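Computed from a predicted structure; not experimentally measured.
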Amino acid sequence: MSLDEALQRLVAGAAAHRIDRTETVGTFDALGRVLAAEVRSGLDVPPADNTSMDGYAMRAADVPAEGTVLPVSQRIPAGVVGQPLQPGTAARIFTGAQVPAGADAVVMQEQCEALDGSVRVNTVPQSGQWIRRRGEDVMHDAVVLTAGTRLTPQALGLAASVGAAELTVWRRPRVAVFSTGDELVMPGQPLKPGAIYNSNRFTLRGLLQAAGCDVTDLGIVPDRLDATRDALKRAAEGNDLILTSGGVSVGEEDHLRPAVMAEGTLDLWQIAMKPGKPLAFGRVGQAIFMGLPGNPVSSFVTFLLAVAPVLRTLQGMDAAGPPAQLLRADFDWPKPDRRREFLRVKLNAEGGLDLFPNQSSGVLTSTVWADGLVDTPAGQPIARGDLVRFLPLDALVNR
C-alpha cells in the first residue's frame, strides 16, 4: 500500500471519531492547544494612532525646512492622552504614546535638537512618518485566529492583544502507550545478556507530549497473550488512541496481533515506505489502535508521517503535514529503493543538504543529527545538485 493511500484510510478512520468536547482555558495556559472556536477582535489594534519612535509629534506643514524651531507645548509618555496639538508647536512624545489630535508626523529624537522649551527639527518630515495608524494591525471584529489553529507563543500574544483572556479549545487527545518484549529494560536497570534499553518508549512518549497529548504510559508488557490482552483493555478505557511499537508480526512471541484481534479489530498493512513498512491499525473498544514498527528510526518516522496526521484530525486540524521545501542535495544517492524513502539529512552552511552516512533503521543517532527528511519517490536516484523535497523535523513534530 502506498503511504498516500494509507494516510487516506487513517485520516478517514480518525475523522469518524473526532474529539467532540471543548474546554475553556486561560490564554496564559493555552500553549499547544488547538482552538475549537475562532477568536475575533473586540477592538482596533492599535486602538488609536501612536508613535513607533521616541521623538516629537508635529504637523509636517509647520516644518518647511531643516532647522525649523518649534516650541514644545506638552510631554506625552506612553499611557497618557495628550491635548490637541496647537499649530506651530511640537509635543515631546515617547514610543507607544497616542499621537495627539492635530499632529500628522513624528520626528525621531536623533533628528532633533532639544532647546530650552523648544526643539530644532533637523529634517523635513513627511506626513504620516513614524505613526502606527489605528487598526493597522487588526480591525475591530476581524478574525485573528481560526478554529483548528494550534496555539503557538505568538498566537497567544495575538489573542492577548485583542483582549482574549480565555480561549475555547478542544480537549487534549488521550493516548495510552506501552511496549511489549521481555528483552526490554529501562535505563538504570542492569542490562543482562540479550536485553536492550527501551528507547522507543521515550521517543514515542516525547512525540506524544510534543503533539499536545495527555499520555498514559502503561510501561513494558510481558510477552504473554493474557498480559497483552489485559494491557489493551486498560489502555482502551477513556483513551482516544492506543500506540505501541513492535510485536505485530506472526512470530510465536508476538502476542500483540492476536491480542488486538481478540479485543477488537485489526488491519495489518505493509506500507511502501522506508524506513518503516509494517503498520497496524484498528480499534479496541472506543479507542483507535496503531502499532508501529519496532526499529527505533522506523518507529520515529512512521509516527511523524502516520500518527501525527491522526492526532491532528482528532483535534479538528488539517491532517496535512508541512509543505515540502525544494532544496539542493549535496550528496549522491545512486541506488534508490523500490519503496518511497525518507532520508535523514541536515542543512549545511551553503544552503544545501548533507546526508547522514548510515541510513539504517536502527541508527537512532541519525534522528538527533538530522534536522529534516528528504522525501524521495520510489526508484528515484539523487545526484549531487538535484533539487529534492525537504521536510523539516521541527515542523513535522510540532505542526
Let me confirm one number: the [atom1]-[atom2] distance from [X] to [Y], rounded to the nearest 0.5 Å.
X      : Y      : atom1 : atom2 : answer
Leu70  : Leu85  : CG    : CG    : 9.0 Å
Leu184 : Ser179 : CG    : OG    : 6.0 Å
Leu3   : Leu305 : CG    : CG    : 6.0 Å
Arg205 : Cys213 : CZ    : SG    : 12.0 Å
Phe178 : Leu204 : CZ    : CG    : 12.0 Å
Ile382 : Leu355 : CD1   : CG    : 8.0 Å

So for atom [atom1], which belongs to [X], do other residues, nucleotides or ligands contribute more than 12 heavy atoms lying within a distance under 6.0 Å?
X      : atom1 : answer
Met261 : CE    : no
Gln83  : CD    : no
Glu183 : CD    : yes

Would the distance check show the side chain of [X] and the main-chain N or O of [Y] forming a donor-acceptor pair, the cut-off being under 3.5 Å?
X      : Y     : result
Thr68  : Ala65 : yes
Ser118 : Pro71 : no
Asp54  : Thr95 : yes

Going through the checks in order, is the salt bridge (charged side-chain N to carboxylate O under 4.0 Å, His left out) test met by Arg40 and Asp141?
CA-CA 5 Å; Arg40 287 183 176 269; Asp141 204 40; 3.7 Å; yes
Any heavy-atom pair between the side chains of [Y] and [X] that's under 4.5 Å?
X      : Y      : answer
Leu241 : Val307 : yes
Trp333 : Gln380 : no
Pro336 : Pro381 : yes
Phe281 : Ile288 : yes
Phe289 : Leu256 : yes
Asp4   : Arg340 : yes
Phe303 : Asn200 : no
Ile19  : Pro173 : yes

Salt bridge (Lys or Arg N to Asp or Glu O under 4.0 Å) involving Asp337 - partner list, sequence neighbours excluded:
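With neighbours one apart ignored, the set is Lys274, Arg339.
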Practice problem: Would you please name every residue forming a salt bridge (Lys or Arg N to Asp or Glu O under 4.0 Å) with Arg33, sequence neighbours left out? | Solution: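 Only Glu23 meet the salt bridge (Lys or Arg N to Asp or Glu O under 4.0 Å) criterion with Arg33.
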Side-chain donor/acceptor pairs under 3.5 Å, residues 154-168, sequence neighbours excluded:
{"unit_1": "Gln154", "atom_1": "OE1", "unit_2": "Thr152", "atom_2": "OG1", "d": "3.3"}
{"unit_1": "Ser161", "atom_1": "OG", "unit_2": "Leu158", "atom_2": "O", "d": "2.7"}

Worksheet entry | Candidate list Arg171, Arg172, His17, Gln315, test side-chain hydrogen bond (donor to acceptor under 3.5 Å, both in side chains), partner Asp240, passing option |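 The side-chain hydrogen bond (donor to acceptor under 3.5 Å, both in side chains) with Asp240 is passed solely by Arg171 among Arg171, Arg172, His17, Gln315.
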Can you tell whether the side chains of Glu5 and Arg9 come within less than 4.0 Å, N to carboxylate O?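 Yes, charged N to carboxylate O under 4.0 Å.
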Query - Residues Asp330, Arg328: salt bridge by 4.0 Å N-O rule - result: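 Yes, charged N to carboxylate O under 4.0 Å.
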- Among Leu43, Asp44, Val45, Val99, which one satisfies side-chain contact (heavy atoms from CB on, under 4.5 Å) with Arg134?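 Going through the options one by one, the only one that passes is Asp44.
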So which of Asp371, Asp375, Leu373 actually passes side-chain contact (heavy atoms from CB on, under 4.5 Å) with Phe390?
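Checked Asp371, Asp375, Leu373 against Phe390; only one passes side-chain contact (heavy atoms from CB on, under 4.5 Å): Asp371.
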Taking the six-membered ring of Tyr56, is the NZ or CZ of Arg92 close enough (under 6.0 Å from the centre) and on axis enough (within 45°)?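 Checked: cation-pi criterion met.
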Inset, instruction - Compare every heavy atom of Gln189 with every heavy atom of Tyr197, then report the nearest pair and how far apart it is. - result: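 For Tyr197 versus Gln189, the nearest heavy atoms are OH-O, 3.4 Å.
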